Asker: 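Provided herewith is a single structure, encoded as structure tokens, for subsequent inquiry.
Because the structure is a prediction, the values reported are computed rather than measured.
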Amino acid sequence: MKKFLGLLLSSATAGLLMAAHPAHAFQTESATYVERATTDAVTDLGDKGDSVGDLLTFANEIYDEHNKKLLGHDNGWCIRTVVGKAWECFWTLTLADGQLSVAGPYFDAADSVLSVTGGTGRYYGARGEMKLHARNAQGTEYDFAYKFTH
């Protein structure tokens, strides 16, 4: 009897999940935003200077793709994994209609691609990628080019 009830509950749960987000309802979306990196702060946690384990934290303003209209902000952190080359990052982009979370590498001297790991509000269930591109050599502005389904 317990096995039957477990199977019945599993089937009902799967049916509810499928009904909540039918396959045909998924859509692909692309959007580009500009981050103005004004709050980036590195906390030196390892050896003195740039070292593995250092922490980069930020909570920056996010603008439209033309870098004119303020749309929201991001909030996150990165851990130095390869001195002078790479960080591993996690952050959330917050806009008026929801949030998008990403995880992945940030390279000091190259573009990188991070995974879109989820979303809230209008972006509920988001999965995809975000290309990170430095707009200048000073690292004060970045393009966030999202491509995801939800």
Asker: List for me each residue that meets salt bridge (charged side-chain N to carboxylate O under 4.0 Å, His left out) alongside D54, sequence neighbours excluded, and say none if there are none.
Answerer: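 Residues passing salt bridge (charged side-chain N to carboxylate O under 4.0 Å, His left out) with D54: none at all.
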
Asker: Going by side-chain contact (heavy atoms from CB on, under 4.5 Å), name the residues that satisfy it together with A110, two or more places apart in sequence or in a different chain.
Answerer: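 Partners of A110 by the side-chain contact (heavy atoms from CB on, under 4.5 Å) criterion, ordered by chain and then number, come out as F107.
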
Asker: Applying salt bridge (charged side-chain N to carboxylate O under 4.0 Å, His left out), name anything that partners D97, two or more places apart in sequence or on another chain.
Answerer: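 Partners of D97 by the salt bridge (charged side-chain N to carboxylate O under 4.0 Å, His left out) criterion, ordered by chain and then number, come out as R122.
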
Asker: Excluding sequence neighbours, so at least two apart, what forms side-chain contact (heavy atoms from CB on, under 4.5 Å) with V82?
Answerer: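 side-chain contact (heavy atoms from CB on, under 4.5 Å) check on V82 returns K85, A86.
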
Asker: Can you tell which of I62, V34, L114 makes a side-chain contact (heavy atoms from CB on, under 4.5 Å) with F144?
Answerer: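 It is I62; the other options fail the test.
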
Asker: Looking at residues at least two apart in the chain, or sitting in another chain, which of them share a side chain to side chain donor-acceptor pair (under 3.5 Å) with D47?
Answerer: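 Here no residue qualifies.
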
Asker: Would you please name every residue forming a side chain to side chain donor-acceptor pair (under 3.5 Å) with T92, sequence neighbours left out?
Answerer: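 Expected list: S101.
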
Asker: Under the salt bridge (charged side-chain N to carboxylate O under 4.0 Å, His left out) definition, can you give me all pairs with a residue in residues 123-150, not counting sequence neighbours?
Answerer: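 Pairs touching residues 123-150 that pass the test: D111-K131, R135-E141, R135-D143.
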
Asker: Who are the side chain to side chain donor-acceptor pair (under 3.5 Å) partners of S112, not counting sequence neighbours?
Answerer: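 Partners of S112 under the side chain to side chain donor-acceptor pair (under 3.5 Å) test: none.
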
Asker: With sequence neighbours left out, write down each residue that passes side chain to side chain donor-acceptor pair (under 3.5 Å) with Y142, or none if nothing qualifies.
Answerer: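 By the side chain to side chain donor-acceptor pair (under 3.5 Å) rule, Y142 matches Y106.
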
Asker: Does anything in residues 64-86 form a ring-ring contact (aromatic ring centres under 6.0 Å, His included)? List the pairs, not counting sequence neighbours.
Answerer: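 ring-ring contact (aromatic ring centres under 6.0 Å, His included) check on residues 64-86 returns W77-F90.
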
Asker: With sequence neighbours excluded, tell me which residues meet side-chain contact (heavy atoms from CB on, under 4.5 Å) with T120.
Answerer: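 With sequence neighbours excluded, T120 shows a side-chain contact (heavy atoms from CB on, under 4.5 Å) to Q99, given in chain and number order.
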
Asker: Any disulfide (SG to SG under 2.5 Å) involving residues 38-129? Give me the pairs, sequence neighbours left out, ordered by first then second residue.
Answerer: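 Listed by first then second residue: C78-C89.
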
Asker: On the 0 to 90° scale, with breaks at 30° and 60°, tag the F148-Y146 ring pair as parallel, tilted or perpendicular.
Answerer: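 If you compare the ring of F148 with that of Y146, the planes turn out perpendicular.
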
